[in-house]
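What you see is a predicted model, and the numbers here were worked out from it, not measured in a lab.
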Amino acid sequence: MTNSWSILPYPTQAGQVGGHEGVGKIVKLGPGTESAGVKVGDTVGVKWISAICGNCPACLEGSDGVCFNQKISGYYTPGTFQQYVLGPANYVTPIPEGLEPAAAAPVLCAGVTVYSVSLKPFVHVSVRQKHC
């Protein structure tokens, strides 16, 4: 697998599995995940950004989408086109019960981008047409 995005590694690691927007059930939790807010059996998703550092200026400001040390699913970490995926318990996205994976998956990429913008304060601008 190769990519043409200059901001991502080229080529990706040999044998890398691609994919993001994966949805599945948690089958096992590792040590230190007790306070992550998810449990075995929960349905969760893996976004385009599969992990963040939580310590850089961007993360500390709540701008995890521009984390200086982010991990991209399918490039820096094995992606979701496989049976099992590892992900940080504190960064997977809980999927509401009853929401079909096919409906939830697209929200993990473009949907997250659009939703996150709605959480930011806006400056409202009024544009008026000049009448001649």
Side-chain angles (χ1 to χ4, degrees):
M1 178 171 69
T2 61
N3 71 70
S4 60
W5 290 22
S6 63
I7 62 169
L8 297 176
Y10 183 83
T12 55
Q13 300 174 32
Q16 184 67 285
V17 175
H20 64 283
E21 300 178 7
V23 175
K25 293 203 178 281
I26 296 175
V27 296
K28 187 174 183 180
L29 289 167
T33 59
E34 297 78 18
S35 63
V38 293
K39 63 186 180 317
V40 171
D42 284 356
T43 301
V44 297
V46 175
K47 301 176 286 290
W48 164 249
I49 299 173
S50 61
I52 58 168
C53 72
N55 299 312
C56 69
C59 286
L60 295 174
E61 289 178 1
S63 298
D64 58 321
V66 291
C67 170
F68 300 166
N69 303 298
Q70 63 184 242
K71 301 296 182 195
I72 305 298
S73 180
Y75 288 99
Y76 295 108
T77 62
T80 59
F81 296 153
Q82 54 187 337
Q83 186 173 0
Y84 295 98
V85 175
L86 295 175
N90 66 344
Y91 203 67
V92 293
T93 302
I95 304 298
E97 193 172 318
L99 183 59
E100 290 296 319
V107 177
L108 297 169
C109 191
V112 169
T113 302
V114 173
Y115 175 72
S116 67
V117 170
S118 72
L119 301 176
K120 307 286 184 205
F122 280 95
V123 174
H124 295 281
V125 178
S126 175
V127 178
R128 296 181 188 190
Q129 289 183 324
K130 184 177 181 181
H131 296 285
C132 297

Mind jotting down which residue pairs meet the ring-ring contact (aromatic ring centres under 6.0 Å, His included) criterion with at least one end in residues 13-45? Sequence neighbours excluded, please.
H20-W48
My understanding is that only residues two or more places apart in sequence, or in another chain, count here; which of them pass side chain to side chain contact (heavy atoms under 4.5 Å, CB included) with N69?
C53, C56, C67
Could you list all the ring-ring contact (aromatic ring centres under 6.0 Å, His included) pairs where at least one residue sits in residues 26-46, not counting sequence neighbours?
none
Using the test side chain to side chain contact (heavy atoms under 4.5 Å, CB included), find all partners of P94 that sit at least two apart in sequence or belong to another chain.
V38
Under the side chain to side chain contact (heavy atoms under 4.5 Å, CB included) test, which residues partner L86, sequence neighbours left out?
none
Residue list, side-chain hydrogen bond (donor to acceptor under 3.5 Å, both in side chains) with D42, at least two apart or on another chain
K39
Which pairs, with at least one residue in residues 13-34 and sequence neighbours excluded, count as a salt bridge (charged side-chain N to carboxylate O under 4.0 Å, His left out)?
none
Are V23 and L99 connected in the hydrophobic side-chain network, where two residues link if heavy atoms are under 4.5 Å apart?
yes
Please identify which of these residues, V46, I49, V44, meets the side-chain contact (heavy atoms from CB on, under 4.5 Å) condition with Y91.
I49
Non-hydrogen atoms of A89 and L29 that approach each other most closely
CB-CD2, 4.2 Å
Stepwise, does the side-chain contact (heavy atoms from CB on, under 4.5 Å) test hold for T77 with V85?
CA-CA 9 Å; T77 62; V85 175; over 6 Å; no
Partners meeting side chain to side chain contact (heavy atoms under 4.5 Å, CB included) with V27 (sequence neighbours left out):
Y84
Those residues that, when tested against S73, pass side-chain hydrogen bond (donor to acceptor under 3.5 Å, both in side chains) (two or more places apart):
none
Note: L60 and G54 closest approach over all heavy atoms is CD2-O, 3.6 Å
May I ask whether I72 and I52 are part of the same hydrophobic cluster, defined by side-chain heavy atoms of I, L, V, M, F, W, Y residues being less than 4.5 angstrom apart, directly or through others?
yes
